[in-house]
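Given the structure is predicted, the values throughout are model-derived calculations rather than measurements.
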Amino acid sequence: MRILQLTNVTEKKFLGARRASSREATRIAVRIVQDVRRRGDAALFSWTKRLDHVALNPRTVWVSRAELSNARKAVSREFLAAIDHAARNIRAVARRQKPQAWSIEIEPGVRAGQIVRPIESVGCYLPGGRFSLVSTLLMTVILAQEAGVREIIVASPQPGPALLAAAEKLGVHRVARIGGAQAIAALAYGTHSIPRVNKIFGPGNRFVTTAKQIVSSECAIDMLAGPTEALIFATDGNAKFIAADLIAQAEHDPDAISLFVTTSRRMARAVASQIDRQLSELPRTNLAHRSLATNGAVLVARNLAAAARFINTFAPEHLSLPGGAENALAQINSAGSIFLGDWSAQSFGDYATGTNHVLPTGGLARARGGLSVSDFVKCISVQKVSRAGVKRLAPVVDEFARAESLIAHARSVEVRK
């Protein structure tokens with residue numbers, strides 16, 4: 001594992017690595033999205049046959065109740081117990097996150113507040129490429145359920161028994177065997193077989209991500225997910241643990257970014273050595289070899305301030321602060337999810353702590369956190385002004401309305417005096 005000094009040059013290199021876009025992916029995604037929007041089912045099934053090598057029709061596009069039930073019987077009791085355990089924790093966090101209705105008296109005769117309403121329908125997209133992300137089903141569907149979403153549609157190309165068993169366990173019975181940009185277009189615009197949804201959730205490859213960006217002007221999306229990112233900052237701690245976390249996230253994607261930042265050259269050497277040792281124990285087919293060789297590094301910062309500045313600028317998807325680095329938490333402003341202490345493996349957050357693993361990448365953590373129940377609801381403002389309140393507010397409205405030359409605004413209040 002290479003060890004580099006954290007300088008302006010190296011900082012720009014790793015920040016720039018996330019900005020690369022694929023013109024080819026955009027060209028293909030635009031073509032697919034437009035085709036599905038124009039031809040509906042015919043285009044959806046045609047692209048599915050061409051790209052996923054699966055022949056579908058309006059009858060077979062949906063997974064049957066019998067298939068869902070059989071899938072549950074096909075997996076082990078241990079796996080079903082793991083679903084229950086993770087789901088319990090995810091629900092506990094989700095319930096705590098849910099925005100609440102409120103109402104207060106702003107001044108005599110004037111009340112303001114909010115009501116909370118669920119989004120009526122959502123699509124939960126689950127990739128079916130290298131890995132079948134069963135855990136992402138829980139991370140999206142459970143939040144939708146806790147929010148009170150009425151219609152939940154799961155879309156996944158060639159869903160396996162584990163994913164279908166999890167869906168059945170959660171009580172989700174609308175699972176479509178569609179994937180890629182064509183699935184995003186179908187969910188966004190609707191076809192004869194696939195109903196249109198109000199918002200689309202879930203990660204995907206660059207074609208899926210580009211398709212989400214294309215449809216976002218007409219169908220809401222959660223966020224644009226890029227390759228996995230892991231950043232760990234420590235000046236002491238267990239080098240074996242740190243290396244294991246970096247390698248774990250690196251195996252998600254060949255473009256994944258894994259960085260260890262430290263002010264200690266001793267820790268830099270120890271972690272780099274551990275990464276090389278642990279990588280040698282993994283098969284060469286594991287994606288961690290490729291991603292760490294391309295986008296992995298140990299970065300030595302001048303001091304804590306320089307390290308914190310880089311972390312907040314990079315705004316990593318996953319950030320670990322093991323050992324004494326927990327004390328640096330007060331200086332961290334931007335990260336998707338933070339793991340404190342030596343024992344908090346990032347994989348716990350991926351599956352079981354109850355916090356969500358659908359997280360902002362590519363620097364989006366500078367503006368938002370991970371997926372939460374608030375993404376599945378609408379907080380609608382409500383106000384009520386009494387006759388007494390009109391007298392107090394009318395002069396204020398009159399001043400603003402006339403300053404903006406909106407005379408009818410002022411009159412709408414005047415007639416109520």
Side-chain angles (χ1 to χ4, degrees), residues 1-21 203 206 209 223-235 237 242-243 245-265 267-268 271-272 275 288 290-323 325-340 344-347 349-350 355-371:
M1 185 71 166
R2 54 186 171 164
I3 300 176
L4 305 172
Q5 191 71 30
L6 181 56
T7 64
N8 290 337
V9 174
T10 52
E11 180 175 325
K12 288 179 180 178
K13 176 184 183 299
F14 286 103
L15 289 172
R18 305 187 299 186
R19 300 191 184 112
S21 61
R206 65 185 187 277
T209 300
M223 63 185 85
L224 298 175
T228 296
E229 303 163 355
L231 191 153
I232 299 177
F233 170 72
T235 56
I242 293 170
D245 267 8
L246 292 171
I247 293 171
Q249 296 302 329
E251 73 175 345
H252 270 295
D253 190 288
D255 295 321
I257 299 175
S258 295
L259 303 174
F260 176 57
V261 179
T262 184
T263 57
S264 166
R265 288 199 169 274
M267 276 300 293
V271 170
I275 289 174
R290 180 176 166 187
S291 60
L292 285 169
T294 306
N295 297 310
V298 173
L299 303 176
V300 181
R302 294 189 311 276
N303 50 42
L304 174 59
R309 183 182 60 80
F310 173 70
I311 292 168
N312 287 323
T313 302
F314 192 84
E317 178 187 19
H318 305 86
L319 171 65
S320 289
L321 300 174
E326 285 189 58
N327 296 328
L329 181 61
Q331 300 186 48
I332 302 303
N333 302 318
S334 300
S337 190
I338 299 176
F339 302 80
L340 299 176
S344 303
Q346 293 182 0
S347 293
D350 286 342
T355 61
N356 211 278
H357 77 200
V358 180
L359 302 167
T361 61
L364 287 180
R366 289 191 292 269
R368 67 157 295 157
L371 200 67

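Closest non-hydrogen pair, Ala250 versus Leu292, comes out as CB-CG, 3.8 Å. Listed here is the closest heavy atom pair of Ala325 and Ala234: CB-CA, 4.0 Å. The shortest heavy-atom contact between Pro322 and Ile232 is CD-CG2, 3.7 Å. Contact record, Thr355 with Ser337: OG1-OG, 4.5 Å, taken as the closest heavy-atom pair. Counting all heavy atoms, side chain and backbone alike, Phe314 lies closest to Phe14 at CE1-O, 3.7 Å. Shortest non-hydrogen contact noted between Asp350 and His252 is OD2-NE2, 4.2 Å.
Taking Thr10 as the reference, Thr7 meet the side chain to side chain donor-acceptor pair (under 3.5 Å) condition, with sequence neighbours excluded. Here Thr294 pairs with nothing under the side-chain contact (heavy atoms from CB on, under 4.5 Å) rule; sequence neighbours left out. Taking Phe339 as the reference, nothing meets the ring pair (Phe, Tyr, Trp, His ring centres under 6.0 Å) condition, with sequence neighbours excluded. Considering only residues two or more places apart in sequence or on other chains, Leu224 meets the side-chain contact (heavy atoms from CB on, under 4.5 Å) condition with Thr209, Lys212, Gln213, Ile221. Every residue meeting the side chain to side chain donor-acceptor pair (under 3.5 Å) condition with Arg368, not counting sequence neighbours, appears here in chain and number order: Asp375. Listed by chain and number, the residues in a side chain to side chain donor-acceptor pair (under 3.5 Å) with Glu317 amount to none (sequence neighbours excluded). The side chain to side chain donor-acceptor pair (under 3.5 Å) check on Ser320 picks up Gln346, with sequence neighbours excluded.
Atoms CD1 and OG, on Ile247 and Ser258 in that order, are 8.5 Å from each other to the nearest 0.5 Å. In this structure, Glu229 CD and Asn295 CG are separated by 10.0 Å, a value rounded to the nearest 0.5 Å. Going from atom CE of Met223 over to atom OG1 of Thr361 covers 8.5 Å, rounded to the nearest 0.5 Å. Interatomic distance, Gln249 CD to Ile257 CD1, rounded to the nearest 0.5 Å: 12.5 Å. Atoms CG and OG1, from Leu6 and Thr263 in turn, are 11.0 Å apart once rounded to the nearest 0.5 Å.
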* **side chain to side chain contact (heavy atoms under 4.5 Å, CB included) between Lys13 and Leu4, worked out** => CA-CA 12 Å; Lys13 176 184 183 299; Leu4 305 172; 5.6 Å; no
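For the pair Met267/Ile242, a side-chain contact is recorded, criterion being any heavy-atom separation below 4.5 Å from C-beta on.
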Only distances under 3.5 Å count here; give the side-chain donor-acceptor pairs of residues 298-313 to other protein atoms, sequence neighbours excluded, each with its distance to 0.1 Å.
{"from": "Asn303", "atom 1": "OD1", "to": "Ala305", "atom 2": "N", "distance (Å)": "3.3"}
{"from": "Asn303", "atom 1": "OD1", "to": "Ala306", "atom 2": "N", "distance (Å)": "2.8"}
{"from": "Arg309", "atom 1": "NH1", "to": "Glu11", "atom 2": "OE1", "distance (Å)": "3.3"}
{"from": "Arg309", "atom 1": "NH1", "to": "Glu11", "atom 2": "OE2", "distance (Å)": "3.4"}
{"from": "Arg309", "atom 1": "NH2", "to": "Glu11", "atom 2": "OE1", "distance (Å)": "3.2"}
{"from": "Asn312", "atom 1": "OD1", "to": "Asn333", "atom 2": "N", "distance (Å)": "2.7"}
{"from": "Asn312", "atom 1": "OD1", "to": "Ser334", "atom 2": "N", "distance (Å)": "3.2"}
{"from": "Asn312", "atom 1": "ND2", "to": "Ala308", "atom 2": "O", "distance (Å)": "3.2"}
{"from": "Asn312", "atom 1": "ND2", "to": "Gln331", "atom 2": "O", "distance (Å)": "2.9"}
{"from": "Thr313", "atom 1": "OG1", "to": "Arg309", "atom 2": "O", "distance (Å)": "2.8"}

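Within the structure, no pair that satisfies the salt bridge (charged side-chain N to carboxylate O under 4.0 Å, His left out) test touches residues 254-264, not counting sequence neighbours. Each salt bridge (charged side-chain N to carboxylate O under 4.0 Å, His left out) pair with one or both residues in residues 326-338, not counting sequence neighbours, would appear here, but there are none.
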